[in-house]
Amino acid sequence: MDLRILRSFKVRTTPRWIILLLDMVIVLISYAATVIADTYSLHIVTGPLNVLFVAAIVIGVYFVVSYISKSYTCVIRLSVIEDLYRIFIAVIIASVILCVINALWLVFAHAELIKFWNILVIGALSFSMMMIERLCIKYLYMRMNNATEGRKRVLVLGTTFNSVFLANALKGEIGGKYLPVGLLSIKSNNTNSEINGLKIYHFDPKTTSDEFAKNGIVGLIYDAKSNNLMSSGFADYFIKNDIALLAMNKVAEFEQDDPKGQNEKGISTYIKEVQIEDLLGRDPIVLNNPLVSKHINGSCVLITGACGSIGSEIVRQVASYHASKIILFDQAETPMHDISLEMKKDYPDADIELFMGDVRNRERVEEAFEKFHPSYVFHAAAYKHVPMMEINPTEAILANVMGTRNVADLALKYGVYKFVMISTDKAVNPTNVMGCTKRLAEIYCQSLFHDAQQKGKKTQFITTRFGNVLGSNGSVIPLFRKQIAAGGPVTVTHKEIIRYFMTIPEACSLVLEAGCMGNGGEIYIFDMGEPVKIYDMARRMISLAGLKPDVDIKIEEIGLRPGEKLYEELLNDKEKTTATVNKKIMVAKVKMYDYKDVCTHIDKIITFASKGDVHEMVYAMKEFVPEYKSMHSKFEAIDKEIENEGKPIAPNAVQPTAE
């Protein structure tokens, strides 16, 4: 038959019932072979009814065992080794069951149903013919679908069993996107030239890129176990040489069962182009912390800012720890609707309460406390964008300071067990309004705790402080992706600017743990890993998109934004840290403030904000938080005014204006 006619069908999978039917035909043929052998070699004649009866038992046993063990599945997508293993197990189990049936028949009927030797012959013949059947199907499908045509030639990283398994599975995939032509070894002591028909390429920075080009190899596939290697800088070699990096989260991920045999997802669909997040070296988060489970399981938890990047992830993680009730407090209507649908789908058993409200509205916040009496409060509601708050400073005070005071005061009033505030690295030596508002919120919560403790109150106030989170709303990575997709330019504020990053799940996991381990009054800081230069990140993202920096996509330096600084810090110069049981969480030793003094200053600052008096408000902020020094901002003029001991600044200086 002309293979071009076969290929026109482009069949992707054989229905599994056909494979099961063919297997049963093979078992029947194997049994028939033993009957014929007995008749002509041993001259044993068996009646037709007995033959049919025994045949029904043999086929019935093999059918049940095959169906339960699913030996008839994954014929096309998995390797021959996997097929062999499944069939072997099914044949052994079926043979053992037939032997047991035969032994029982011999005991009760005093005659053999089928000879034990014939059971072994049936098993051996069935196993052999089933393997031949699968090999024929694989070969036919490969020819029908022209398996190598149009595929991208790639290497698979490593020479381990998983690497070989993945390469073979991809190679035999019908209609796949990738054709592995070898394995890339990074071990100099690997002397093999070939494994299971796959050529071994040895990594050498001087020659590997030329080997890729010479052999038409366009990409490197690796599994998640190699993430540490990739994030350590190994990936940069391939990025710089325009070699695509492709990641597979889990080698066995494509082994998922499909009872109807209609899953058209091939292995290639589980392989994704590497994102910049994959190369920043953050450890995966496993939500099985016994400390957090002990606290959250069965507790009522209120989360402010529940629809934001951090708040929504805290909601998910709290739900995974089986809180008795989760109150989502937020003013954003559409995101609230979206997360409610998500929670119904992903956590159908979670008791979710949607509570629309603004933390600046004390009466509305109190309604939530009075109605639900939460034991734990995670306060994530805040304005966070530095340039936006530099333009609208009074709103930053009202949301981040007054809003925090409202929630904290009510947490104390209603006897909340733990109040956990989400702060930021921008609160350390703040250079902008937003950072200073978060520092004021930290100071208020810490001083409130110590004052309440002296009065015999039990509520614990805890602060967590960390840097930027990957992929959060308005963060740099989504912005760069949009700019790259639009053809550029990619804009960075300064070539030397650096930032700390961690993933949203990691940050929230540490927030939960720190909140549960704290006794009150602590400011916890997180190990953010090594800082990342934003300019280098932009270049890597462009390269990962298959483009060349400054050739296909321009990178423009646009200057620091109002209030922005080159380097973020997690600790003030005068602050010290002490270790905790988690090496990623430390306690900051910070200056202590008197609660009454704090209230006096914060009341004054909020009063100025409410009146829209920006100058007096920022002046009061800088007086109370003297480390707050504005950078690239109109409020630098107030720093000069304070330096001159309150004397009016020069007439030609830029005067901050009210909003």
Side-chain angles (χ1 to χ4, degrees), residues 358-362 381-406 408-409 423-447 474 493 558-566 568-569 572 591 593-659:
D358 189 329
V359 293
R360 292 173 293 187
N361 184 340
R362 188 182 182 96
Y383 284 140
K384 67 174 186 175
H385 294 292
V386 169
M388 187 65 69
M389 293 304 100
E390 211 69 10
I391 298 170
N392 302 279
T394 59
E395 289 302 298
I397 285 292
L398 296 176
N400 296 358
V401 181
M402 187 178 76
T404 298
R405 185 179 69 175
N406 288 341
D409 287 350
S423 189
T424 170
D425 55 358
K426 294 173 179 61
V428 183
N429 294 326
T431 59
N432 50 70
V433 169
M434 194 283 288
C436 188
T437 62
K438 296 300 279 187
R439 180 63 188 130
L440 287 168
E442 288 182 356
I443 292 170
Y444 183 79
C445 290
Q446 196 173 37
S447 63
T493 57
I558 60 174
L560 292 171
R561 298 173 298 177
E564 190 172 40
K565 55 183 175 181
L566 285 177
E568 299 291 5
E569 307 156 88
N572 184 294
K591 176 184 175 182
Y593 289 80
D594 176 72
Y595 175 67
K596 291 182 180 179
D597 187 46
V598 170
C599 289
T600 299
H601 283 87
I602 284 183
D603 283 342
K604 181 167 67 171
I605 293 168
I606 291 174
T607 299
F608 287 136
S610 300
K611 293 178 178 179
D613 192 338
V614 175
H615 177 273
E616 292 302 320
M617 180 193 79
V618 175
Y619 194 106
M621 292 167 67
K622 290 178 178 290
E623 276 193 318
F624 187 54
V625 184
E627 64 269 26
Y628 167 31
K629 304 292 183 184
S630 298
M631 290 182 64
H632 314 289
S633 169
K634 60 187 179 182
F635 300 125
E636 290 178 74
I638 298 178
D639 289 320
K640 294 179 181 178
E641 187 176 339
I642 293 174
E643 287 175 8
N644 291 329
E645 298 179 353
K647 296 176 183 177
I649 56 178
N652 59 347
V654 178
Q655 285 277 6
T657 57
E659 297 173 33

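Throughout, residue positions are numbered sequentially from 1 according to the sequence presented. In this text, all values refer to a predicted model and were calculated from it rather than measured experimentally.
Listed by chain and residue number, Thr394, Ile397, Leu398, Met617 satisfy the side chain to side chain contact (heavy atoms under 4.5 Å, CB included) test with Ala609 (two or more places apart in sequence, or in another chain). With sequence neighbours left out, Asp597 forms a salt bridge (Lys or Arg N to Asp or Glu O under 4.0 Å) with no residue at all. Taking Asp594 as the reference, nothing meets the salt bridge (Lys or Arg N to Asp or Glu O under 4.0 Å) condition, with sequence neighbours excluded. Remark: Arg405 pairs with Asp603 by the salt bridge (Lys or Arg N to Asp or Glu O under 4.0 Å) rule, at least two apart or across chains. Among residues two or more places apart in sequence or in another chain, the ring-ring contact (aromatic ring centres under 6.0 Å, His included) test is passed with Tyr444 by Tyr595. Listed by chain and residue number, nothing satisfies the side chain to side chain donor-acceptor pair (under 3.5 Å) test with Tyr383 (two or more places apart in sequence, or in another chain). Every residue was checked against the side chain to side chain donor-acceptor pair (under 3.5 Å) condition with Gln446, not counting sequence neighbours, and none meets it. Scored by the side chain to side chain donor-acceptor pair (under 3.5 Å) test, Lys629 finds no partners at all (sequence neighbours excluded). Judged as a ring-ring contact (aromatic ring centres under 6.0 Å, His included), and not counting sequence neighbours, Phe608 has no contacts.
At distances below 3.5 Å, not a single donor-acceptor pair connects side-chain atoms of Asn392 with backbone N or O atoms of Glu395.
The minimum heavy-atom distance linking Ala620 with Ile605 is given by the pair CB-CG1, 3.7 Å. Scanning both residues, Asn406 and Arg360, for their nearest heavy atoms gives ND2-O, 3.4 Å. Across Ile558 and Thr493, no two heavy atoms sit closer than the pair CG1-CA, 3.9 Å. Considering every non-hydrogen atom in both Glu390 and Val433, the closest pair reads OE1-N, 3.0 Å.
Exactly one residue among Tyr619, Phe624, Tyr593 makes a ring-ring contact (aromatic ring centres under 6.0 Å, His included) with His601. That residue is Phe624.
With rounding to the nearest 0.5 angstrom, the CE atom of Met402 is 12.0 Å from the CD1 atom of Ile602. Atom SG of Cys445 sits about 9.0 Å away from atom CG of Asp409, to the nearest 0.5 Å. One distance of note links NZ of Lys384 with CE of Met434; it measures 9.0 Å at 0.5 Å rounding. Cys599 contributes atom SG, which lies 9.5 Å from atom CD1 of Ile606 (distance to the nearest 0.5 angstrom).
Between Glu627 and Lys591, the closest side-chain pair of non-hydrogen atoms is not below 4.5 Å. Residues Asn432 and Met389 form no side-chain contact, since every pair of their non-hydrogen atoms from C-beta on lies 4.5 Å or further apart. Two residues are said to be in side-chain contact when any heavy atoms from C-beta on lie closer than 4.5 Å; Ile638 and Ser630 fail this criterion. Looking only at side-chain heavy atoms (C-beta outward), Glu641 and Lys622 stay at 4.5 Å or farther from each other. Using a 4.5 Å heavy-atom cutoff, the side chains of Lys438 and Pro430 are not in contact.
Aromatic ring centres of Phe635 and Tyr628 lie farther apart than the 6.0 Å criterion allows.
Using a cut-off of 4.0 Å between Lys/Arg side-chain N and Asp/Glu carboxylate O, Glu442 and Arg439 are scored as salt-bridged.
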